[in-house]
Protein chains: 2
Amino acid sequence: MTVSKTAAADPARGARPARKEPAETAAETTPLQMGELSELLGYSLKRAQLKIFEDFLRCVAPLQLTPAQFSVLLLLDQNPGRNQTEIANTLGILRPNFVAMLDGLESRDLCVRMRSTNDRRSHILMLTDKGRAVLSRAKKLVAAKHEARLNELLGSANRAALLEMLATIAREF
Amino acid sequence: MTVSKTAAADPARGARPARKEPAETAAETTPLQMGELSELLGYSLKRAQLKIFEDFLRCVAPLQLTPAQFSVLLLLDQNPGRNQTEIANTLGILRPNFVAMLDGLESRDLCVRMRSTNDRRSHILMLTDKGRAVLSRAKKLVAAKHEARLNELLGSANRAALLEMLATIAREF
DNA sequence: TGATAATTGTTATCCACCATACCAAATAGC
DNA sequence: GCTATTTGGTATGGTGGATAACAATTATCA
C-alpha cells in the first residue's frame with residue numbers, strides 16, 4: 001500500500017487574492033493524487049491494455065488490421081480446417097458476433113468459408129493466399145515496431161515474466 | 001485480439017427427459033494451437049484484464065460497484081474539492097460520458113455535485129458519508145478477496161513487479 | 001427406423017462504452 | 001466591452017459483447 005502520498009498543500013485555499021502564476025493555456029491545477037488507484041491491478045491492467053492496443057493499431061495501420069482480426073488470422077493459420085465455432089470459442093468470441101467479423105475478413109479476401117463435406121452444417125475456415133500474405137506482413141510489423149518496443153522498455157527477461165504472469169492470471173482466475 | 005467472457009454453456013435448460021449428464025455437451029475436438037498468440041502481449045493483457053474485472057465484480061457484488069465506479073469513489077476520496085473535468089480527465093473518461101456515470105452515483109447518494117462559489121460553471125465533487133462508508137467496505141472486500149488472491153497466486157514480489165511493469169507501459173507507450 | 005435432442009451458422013436485438021459535435025452559462029484575456 | 005475559452009450537459013453514432021430464436025443438419029436412442 002506504500003503509495004507516494006506527497007502531501008500537496010492546496011496552494012489556493014486561504015489566499016484568495018489573485019495569485020495566478022504564468023498559466024500556459026489550460027487552467028493549470030495541481031495534479032490529482034492517484035493514491036490507492038495505482039495499487040489496483042485491474043486499473044493498471046486496463047490502462048496498459050489500452051495503450052498496447054493503440055500502439056498495435058498504429059504499427060499495423062498500413063494493413064488495416066485490428067487486434068481481434070489479427071488474432072483470427074493467426075489462429076486460422078495455425079489451425080487450418082477448423083470451423084467457426086471452434087475458432088470463435090478459442091478466442092472467446094461468441095458465435096453470433098463472429099459472423100460479422102468473418103464477413104469482413106472474407107469480403108477482403110483474407111479468408112474463406114467452405115462447407116464441410118462430412119458435416120454440412122459447419123463452415124471450414126481457411127486463409128487465402130492474400131490472407132497469408134497479409135498475416136506475414138502484419139507479423140513483421142508487430143515484431144519490428146510493436147514487440148520490439150516492449151523489449152526495449154522492459155527487457156527481454158521482464159517481458160517474458162510479464163507474459164507468464166498474465167497467462168497465469170488468465171488461466172487461474 | 002478478442003476476449004469476451006461468456007462461455008458458460010448452460011448445462012440443462014429446455015430438456016425435461018434428457019439424460020445427458022456425464023457427457024460434456026460440446027462435441028469434443030482436439031484443442032487448437034494458440035501458437036504465436038500466447039506471445040502477443042495485447043492478447044494476454046486483454047484476457048487477464050477481463051478475468052480480473054470479472055473477479056472484481058464478484059468480490060464487490062454485494063456493494064453493486066463496477067471497477068469504474070470504484071475508481072471514481074477512490075479518486076474522490078483522495079481528491080476532495082475537484083470538479084468533474086479534473087476527475088474525468090484523470091481517469092481517462094470523457095466528460096460527456098462522465099455525466100451519466102455521476103448521475104448514477106449521485107442518485108445512489110454516494111457523492112454530490114456542488115456548485116463552486118468562485119467558479120459557478122464547475123461542479124465540486126464530494127463523497128457523501130454513505131459514499132465513504134461504501135468505499136470503505138469496498139476496499140476491504142477488494143483487499144480481502146480480490147488482491148489477496150493475487151498475492152496467493154503470484155507472490156507479493158511478483159505482484160509488485162507486475163504492477164510496476166504495467167505502470168511503465170501505461171506511462172511510456 | 002423414427003422421434004427427439006443437440007449442434008452450426010445466422011439474424012435480430014439489447015446494452016455498455018467510447019467518441020464527436022454542439023450548446024448555454026460562466027469566466028478569462030485583452 | 002468584446003471575444004475566446006472553459007464547464008457541464010445533451011444528442012448521437014459507432015463498436016463490442018450478450019441473449020433469444022430459427023432453419024438446416026446431425027446425433028441419440030427407444
Side-chain angles (χ1 to χ4, degrees), chain A residues 18 20-29 46-47 49-50 53-54 57 66-69 71-72 82-89 91-104 106 112-125, chain B residues 1-29 46-47 49-50 53-54 57 66-69 71-72 82-89 91-104 106 112-125:
Chain A
K20 217 53 169 62
E21 62 276 347
E24 294 73 36
T25 325
E28 263 331 298
T29 54
K46 180 119 192 201
R47 296 224 90 148
Q49 182 255 311
L50 287 177
F53 269 43
E54 279 176 40
L57 281 173
T66 67
Q69 291 172 325
S71 69
V72 171
R82 299 293 189 145
N83 64 27
Q84 295 184 198
T85 297
E86 291 172 315
I87 298 294
N89 282 343
L91 291 176
I93 305 176
L94 295 172
R95 274 81 81 212
N97 299 329
F98 194 46
V99 174
M101 189 169 182
L102 266 187
D103 289 347
E106 204 174 8
V112 285
R113 287 184 247 227
M114 300 170 48
R115 293 226 88 102
S116 169
T117 54
N118 41 327
D119 187 341
R120 297 196 332 237
R121 290 172 298 184
S122 60
H123 288 166
I124 298 307
L125 300 179
Chain B
M1 317 288 169
T2 314
V3 186
S4 69
K5 24 187 175 177
T6 310
D10 67 298
R13 189 198 37 188
R16 174 178 27 246
R19 277 299 111 81
K20 204 65 202 321
E21 335 77 6
E24 319 69 33
T25 342
E28 264 330 301
T29 56
K46 182 121 190 199
R47 295 223 88 142
Q49 182 255 312
L50 286 176
F53 269 42
E54 279 175 44
L57 281 173
T66 67
Q69 289 171 327
S71 70
V72 171
R82 299 295 190 143
N83 64 27
Q84 296 185 198
T85 298
E86 291 171 314
I87 298 293
N89 282 343
L91 291 176
I93 305 176
L94 294 174
R95 273 85 80 211
N97 299 330
F98 194 47
V99 174
M101 188 169 182
L102 266 188
D103 289 347
E106 205 174 8
V112 286
R113 289 183 244 225
M114 300 170 49
R115 295 226 86 104
S116 169
T117 54
N118 41 327
D119 185 341
R120 297 194 333 234
R121 289 171 300 183
S122 60
H123 288 168
I124 298 306
L125 299 179

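The chains referred to below are lettered A, B, ... by the order of the sequence lines, with proteins before strands, and numbering in each begins at 1.
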Given DNA chain C, 5'-ward residue of the pair B:Thr66 and A:Ser122, judged by closest heavy atom
A:Ser122

In whole angstroms, how far is the C1' atom of C:dA24 from the NE2 atom of B:His123?
13 Å

Between C:dT20 atom P and B:Asn97 atom CG, what is the distance in whole Å?
10 Å

Check whether the side chain of B:Arg121 and the base of D:dT6 form a donor-acceptor pair under 3.5 Å.
yes

If only atom types and distance count, is the side chain of B:Arg113 paired as donor or acceptor with the main-chain N or O of B:Ile124 below 3.5 Å?
no

In Å, rounded to the nearest 0.5 Å, how long is the span from CZ of B:Arg115 to CZ of B:Arg120?
8.5 Å

Report the distance from atom CZ of A:Arg82 to atom P of C:dG9, rounded to the nearest whole Å.
13 Å

Could you check how far CZ of B:Arg95 sits from P of D:dT5, rounded to whole Å?
15 Å

Please determine if a side-chain N or O atom of A:Arg113 lies less than 4.0 Å away from the OP1 or OP2 oxygen of C:dT10.
yes

So which of B:Leu91, B:Thr66, B:Leu125 actually passes side-chain contact (heavy atoms from CB on, under 4.5 Å) with B:Val72?
B:Leu91

Only counting residues at least two apart or in another chain, list the ones meeting side chain to side chain contact (heavy atoms under 4.5 Å, CB included) with A:Arg95.
A:Thr85, A:Ala88, A:Asn89

When A:Arg120 and B:Asp103 are each assigned the nearest nucleotide of DNA chain D, the 5'-most assignment goes to B:Asp103

Distance in angstrom units between A:Leu50 CG and D:dT15 C1', rounded
14 Å

DNA chain C nearest-nucleotide lookup for A:Asp119 and B:Pro96: closer to the 5′ end is A:Asp119

Atom-to-atom span, CD1 of A:Ile87 to P of C:dG9 - whole angstrom
10 Å

Round to the nearest Å and state the distance from A:Asn89 atom CG to D:dG17 atom P.
14 Å

Take the protein atom CG of A:Leu91 and the nucleotide atom P of D:dG16, then report the distance between them rounded to whole Å.
14 Å

